[in-house]
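Notes for the one structure printed next.
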There are 2 protein chains.
Amino acid sequence: MLNDSAKLDTAFQALADPARRGMLARLSRGPASVSELARPLPMSLPAVLQHLKALEASGLVRTEKKGRVRTCRLEPKALAAAEGWIAEQRALWEGRLDRFEDYVQTLKTEG
Amino acid sequence: MLNDSAKLDTAFQALADPARRGMLARLSRGPASVSELARPLPMSLPAVLQHLKALEASGLVRTEKKGRVRTCRLEPKALAAAEGWIAEQRALWEGRLDRFEDYVQTLKTEG
DNA sequence: CGAATCGTTAAGCATGTACTTAACTAACGC
DNA sequence: GCGTTAGTTAAGTACATGCTTAACGATTCG
């Protein structure tokens, strides 16, 4: 379902922080290690780890550890779910506008 | 711009709460008063007011007071901005920026 | 006028978030 | 085996969130 509320909670919450969006933007260009994600960010590594945990918990990012390096990759399905919720609301809004247009036409033709 | 970070912060933050998403869902069917928004929610009116403030601060909702009733309406442009950021990341991941440009145009003209 | 309706403000509280530093483990590479 | 690299855990702090109740202001209506 598109409307799994608890999932949307954590996904939007994860998106609501510039550091996490920066990490996602980096990952949208391809997989990266934790320190690669951390490098451009003005904060300590443990802080980045916490952000990463938030991203994993939301399902937006999947990680895998091999040797001593953890590789992170985007999970587009979760991203699509969040996008889908917004799109649905806008579609409803626009649907309403369409009906309004029809209504206006009816008024005109009737008289 | 689509990438105004501070604006996205508050927009996604506003979306990260089921009560606020419920209010938006209601508003996507048309304008409503504060108490209409509050009726289905299991919380006090002041709590709803706070959520409403968050929605206004994010630009997702616009309100107007006439007499003693405040009327709230959806602001689709802010919704489109949030949707657009996600769409951009997914487009990058899919390696198809060309189609993304078209999509942005669609969001703008629809908003 | 006086009562009911709609909204608003203020204060307080419990919990969650976003960091920090310090200390520690696990794997490479020579 | 020893130092370096990569990540992790723990503990603490400062501030933000999400609610509550109580009290108040402003319209509208009988």
Side-chain angles (χ1 to χ4, degrees), chain A residues 5-27 30-74 78 82, chain B residues 5-27 30-74 78 82:
Chain A
S5 191
K7 207 72 186 169
L8 285 177
D9 281 12
T10 58
F12 282 128
Q13 176 97 24
L15 290 168
D17 183 287
R20 289 192 291 262
R21 284 200 307 280
M23 294 165 76
L24 289 175
R26 166 64 188 82
L27 291 176
S33 72
V34 173
S35 8
E36 277 167 1
L37 289 181
R39 190 157 327 125
L41 297 175
M43 64 182 68
S44 67
L45 239 179
V48 173
L49 254 293
Q50 278 178 226
H51 284 303
L52 184 57
K53 254 175 212 159
L55 289 170
E56 278 198 84
S58 73
L60 291 167
V61 164
R62 176 173 41 96
T63 80
E64 184 192 6
K65 191 164 182 179
K66 191 159 279 181
R68 62 182 165 172
V69 45
R70 177 175 296 279
T71 302
C72 314
R73 21 176 58 86
L74 209 61
Chain B
S5 191
K7 208 71 188 170
L8 285 177
D9 281 12
T10 58
F12 282 127
Q13 176 95 29
L15 290 168
D17 184 285
R20 287 192 291 261
R21 283 200 307 279
M23 293 165 76
L24 289 175
R26 166 63 188 83
L27 290 177
S33 72
V34 173
S35 9
E36 277 166 2
L37 290 181
R39 190 159 16 230
L41 297 176
M43 65 183 67
S44 66
L45 239 179
V48 174
L49 254 292
Q50 281 179 224
H51 284 304
L52 183 57
K53 254 174 213 160
L55 290 170
E56 279 197 82
S58 73
L60 291 167
V61 165
R62 177 171 41 95
T63 80
E64 183 191 8
K65 191 164 183 180
K66 191 160 280 182
R68 62 181 167 174
V69 44
R70 177 175 298 279
T71 302
C72 314
R73 19 177 62 85
L74 207 61

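Sequence lines set the chain letters: A, B, ... in the order given, protein chains first and strands last, and positions in each chain run from 1. Predicted model, so just to flag it, every value in this text is computed and none were measured.
Checking C:dT8, C:dC19, C:dA4 against every side-chain atom of B:K65, the shortest atom distance belongs to C:dT8. The side chain of A:L49 sits closest to D:dT8 out of C:dT20, D:dT4, D:dT8. Closest to the side chain of A:S35, out of D:dA6, D:dC19, C:dG7, is D:dA6. Nearest to the side-chain atoms of B:H51 among the listed nucleotides D:dG18, C:dT20, C:dT8 stands D:dG18. Closest to the B:S44 side chain, of the nucleotides C:dT5, D:dG18, D:dT21, is D:dT21.
In terms of position on DNA chain C, the residue among A:V69 and A:D17 whose nearest nucleotide sits closer to the 5' end is A:D17. A residue-by-residue look at A:Q13 and A:S33 shows that A:S33 has its nearest nucleotide of DNA chain D further toward the 5' end.
B:R70 CZ to B:E56 CD: the interatomic distance, rounded to the nearest 0.5 Å, is 6.0 Å. One finds the OG1 atom of B:T71 at 8.5 Å from the CD atom of B:E36 (value rounded to the nearest 0.5 Å). Here the OG1-CG distance, from A:T10 to A:L15, works out to 9.5 Å after rounding to the nearest 0.5 Å. Annotation: the span from A:L24 atom CG to A:R20 atom CZ amounts to 9.0 Å, rounded to 0.5 Å. For the atom pair SG of A:C72 and CD of A:E64, the computed distance is 10.5 Å after rounding to the nearest 0.5 Å.
Remark: B:R68 is not in phosphate contact with C:dT8, judged by side-chain N or O atoms under 4.0 Å from OP1 or OP2. Checking the phosphate oxygens (OP1, OP2) of C:dG7, no side-chain nitrogen or oxygen of B:K53 falls inside 4.0 Å. Remark: B:R20 is in phosphate contact with D:dG18, judged by side-chain N or O atoms under 4.0 Å from OP1 or OP2.
Put simply, CZ on B:R39 is 10 Å from P on C:dG7, counting in whole angstrom units. Between A:R21 atom CZ and C:dA18 atom P the separation is 12 Å, expressed in whole Å. Spacing between atom CG of A:D9 and atom P of C:dG16 amounts to 13 Å, rounded to whole angstrom units. The separation between B:E64 atom CD and C:dT8 atom P is 13 Å, rounded to whole Å. To the nearest angstrom, C1' of C:dC13 lies 13 Å from CD of B:Q50. A straight line from CG of A:L45 to P of D:dA6 spans 10 Å, rounded to a whole angstrom. One interatomic measurement links the two molecules: CZ of A:R70 to P of C:dC28, which rounds to 14 Å at whole-angstrom precision. Straight-line distance from the CG atom of A:L41 to the P atom of C:dT20: 11 Å, rounded to whole Å.
No contact: B:K66 has no heavy atom under 4.0 Å from any strand.
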